[in-house]
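Heads up, the thing below is written out as structure tokens.
Note that these values count all heavy atoms, side chains included, but never hydrogens, waters or copies made by symmetry. In what follows, chains are A, B, ... by sequence order, proteins preceding strands, each numbered from 1. Note that the structure is a prediction, hence the values are computed from the model and not measured.
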Protein chains: 2
Amino acid sequence: MGNGLAPTLTPRKSPRQDRSIATVDAIFEATIQVLLSDGPTRLTTTRVAHRAGVSVGTLYQYFPNKQALLFAVLEQHLSTLAEAVENACRDNQGANIETIAAGVVKAYLAARMAQSEISPALYLVAMELDARALIEAATRRSEQAIEALLFGASDGRFNDPYVIAQTLTAVIFGTVPAFCMRVMPHAASVEAEKQLTLMFSGYLAASCKAA
Amino acid sequence: MGNGLAPTLTPRKSPRQDRSIATVDAIFEATIQVLLSDGPTRLTTTRVAHRAGVSVGTLYQYFPNKQALLFAVLEQHLSTLAEAVENACRDNQGANIETIAAGVVKAYLAARMAQSEISPALYLVAMELDARALIEAATRRSEQAIEALLFGASDGRFNDPYVIAQTLTAVIFGTVPAFCMRVMPHAASVEAEKQLTLMFSGYLAASCKAA
DNA sequence: GATATATATGAAGCATTATTCAGCTTTTGG
DNA sequence: CCAAAAGCTGAATAATGCTTCATATATATC
């Protein structure tokens with residue numbers, strides 16, 4: 001499914017004046033807005049430009065093509081999620097299993113909720129462009145952060161922290177979208193956090209005994 | 001993101017002769033083939049028709065539009081996954097927690113692997129058309145099957161089997177795609193099954209004690 | 001074999017949309 | 001204030017692709 005030719009995804013020109021910096025920001029913002037209000041399939045370059053209050057030509061001055069636009073938005077989104085996990089891991093260094101599980105779930109869920117509207121649209125984008133590299137990068141950041149966290153757990157040692165980190169990452173990155181896709185009453189979101197925490201701490205405890 | 005006007009998704013005409021039944025089958029198959037080889041964005045009605053060995057006009061005789069085509073394929077795919085879970089649940093009636101966890105994970109993973117190539121493409125499709133109803137239906141089938149299974153578990157009672165069923169469903173339907181998205185060496189798939197089983201049985205055991 | 005019904009064809013119409021470019025306006029630096 | 005550079009415009013281009021329909025072929029029925 002590789003798209004054969006790989007058109008440049010890097011900016012065509014960097015903004016030099018304040019005016020153009022504002023323009024690029026506006027285009028970036030508008031991309032998100034259109035994604036939300038009109039959906040990924042109805043996102044056209046003209047529409048984005050119009051929403052940003054500029055003309056199409058301007059858009060193409062800074063982004064070589066439509067994909068580059070979406071790529072940039074996706075990159076930021078994934079980075080935000082990975083960062084949330086990293087921060088949670090840093091904050092829970094040396095904690096016990098229970099706390100670790102709760103912390104990681106809570107952090108990811110919060111980050112995801114903050115961007116809950118845009119996420120589904122971006123997953124669509126992620127498949128259209130070949131974004132495997134971006135996803136891989138975000139996944140790896142999460143895995144490494146969790147692995148490091150496990151090494152310092154106060155409760156016990158794990159004989160294969162990397163496998164555990166991989167599993168936890170796959171589950172949170174995978175499950176939460178599934179939860180989000182359904183229209184979720186606020187109460188359900190609290191319940192989801194509780195259940196996932198329970199599941200994670202149970203898993204960690206089990207993996208610990210085995211060591 | 002609702003698409004405003006809801007164009008008919010039901011067949012425009014039902015095949016009466018053997019010849020046309022074969023045609024419809026060929027179109028359906030071709031849709032899957034094109035999805036796999038060319039990806040969702042390069043799936044055009046003309047291409048599907050050509051792959052099926054018929055002309056575009058013929059395609060439009062049985063499917064009112066492109067969406068209807070994709071809708072049909074998606075429906076079948078989701079139904080297959082839900083059925084896999086249902087069967088696994090039926091087969092494990094009255095088993096203990098350990099067996100239940102292993103059975104459900106194994107069944108879903110197997111069904112998913114069997115269609116691993118087509119799945120990512122379909123998740124893309126699922127967002128483009130408004131397929132929430134279909135996903136909802138498949139999810140509910142899984143939830144109900146698991147709930148029934150939990151009621152009959154030999155190990156113990158759960159005070160809120162529905163919440164547990166919901167959580168397990170979200171995790172398997174959500175996580176496995178995440179696993180699949182990465183290029184997975186076969187060994188990793190075995191490992192994934194093991195880890196998920198461990199996680200599920202831990203979760204069930206924990207939910208049991210609480211009851 | 002003749003008529004009616006079902007099925008198949010694919011070029012043409014129509015709409016959408018990514019992308020370019022020649023000319024215009026604004027800002028910068030002297 | 002004035003050139004040069006940076007930024008902006010939006011109609012025109014070109015490509016793509018969904019859908020229709022007038023026509024042709026195959027099958028069923030009597």
Donor-acceptor under 3.5 Å (B:T139 side chain, B:I135 main chain): yes
Toward the 5' end of DNA chain C, by each residue's nearest nucleotide, B:Q17 or A:Q17: B:Q17
Nucleotide D:dG10, atom P - distance to NE2 of A:H50 in whole Å: 10 Å
B:L43 CG - D:dG17 P separation (whole Å): 10 Å
B:S55 side-chain N/O to C:dT9 phosphate OP1/OP2 under 4.0 Å: yes
Sugar-phosphate only, base, or nothing, as touched by A:F63 at under 4.0 Å among non-hydrogen atoms: nothing
Sugar-phosphate, base or nothing in reach of B:S20, heavy atoms under 4.0 Å: sugar-phosphate
Atom pair distance, as rounded to whole Å: CZ in A:R19 and C1' in D:dA6: 7 Å
Distance test, side-chain N/O of A:T44 to OP1/OP2 of C:dT17, below 4.0 Å: no
side-chain contact (heavy atoms from CB on, under 4.5 Å) assessment of B:V104 paired with B:N92: CA-CA 9 Å; B:V104 171; B:N92 286 293; 5.7 Å; no
Value in whole Å for how far the C1' atom of D:dC18 lies from CG of B:N65: 9 Å
Length of the CG-C1' vector between A:D18 and C:dT26, whole Å: 13 Å
Sugar-phosphate, base or nothing in reach of A:L69, heavy atoms under 4.0 Å: nothing
Side-chain N or O of A:Y60 closer than 4.0 Å to phosphate OP1/OP2 of C:dT20: no
Distance in angstrom units between B:I27 CD1 and C:dA8 C1', rounded: 10 Å
pair A:D160-A:I164: side-chain heavy atoms closer than 4.5 Å: no
Residue mapping more 5' on DNA chain D - nearest nucleotide basis, B:T41 or A:G53: A:G53
Intermediate values then yes/no, side-chain contact (heavy atoms from CB on, under 4.5 Å), A:Y203 and A:V171: CA-CA 12 Å; A:Y203 173 58; A:V171 172; over 6 Å; no
Closest-nucleotide ordering on DNA chain C, the 5'-leading residue of A:K66 and B:T23: B:T23
Nucleotide nearest A:V56 (side chain, heavy atoms from C-beta), chosen from D:dA11, C:dA8, D:dT9: D:dA11
Distance, rounded to the nearest Å, where A:R42 contributes CZ and C:dT16 contributes C1': 13 Å
Whether A:S37 side chain and A:Q33 backbone form a donor-acceptor pair below 3.5 Å: yes
Sugar-phosphate only, base, or nothing, as touched by B:V54 at under 4.0 Å among non-hydrogen atoms: sugar-phosphate
Whole-Å gap separating P (C:dG10) and CZ (B:R47): 18 Å
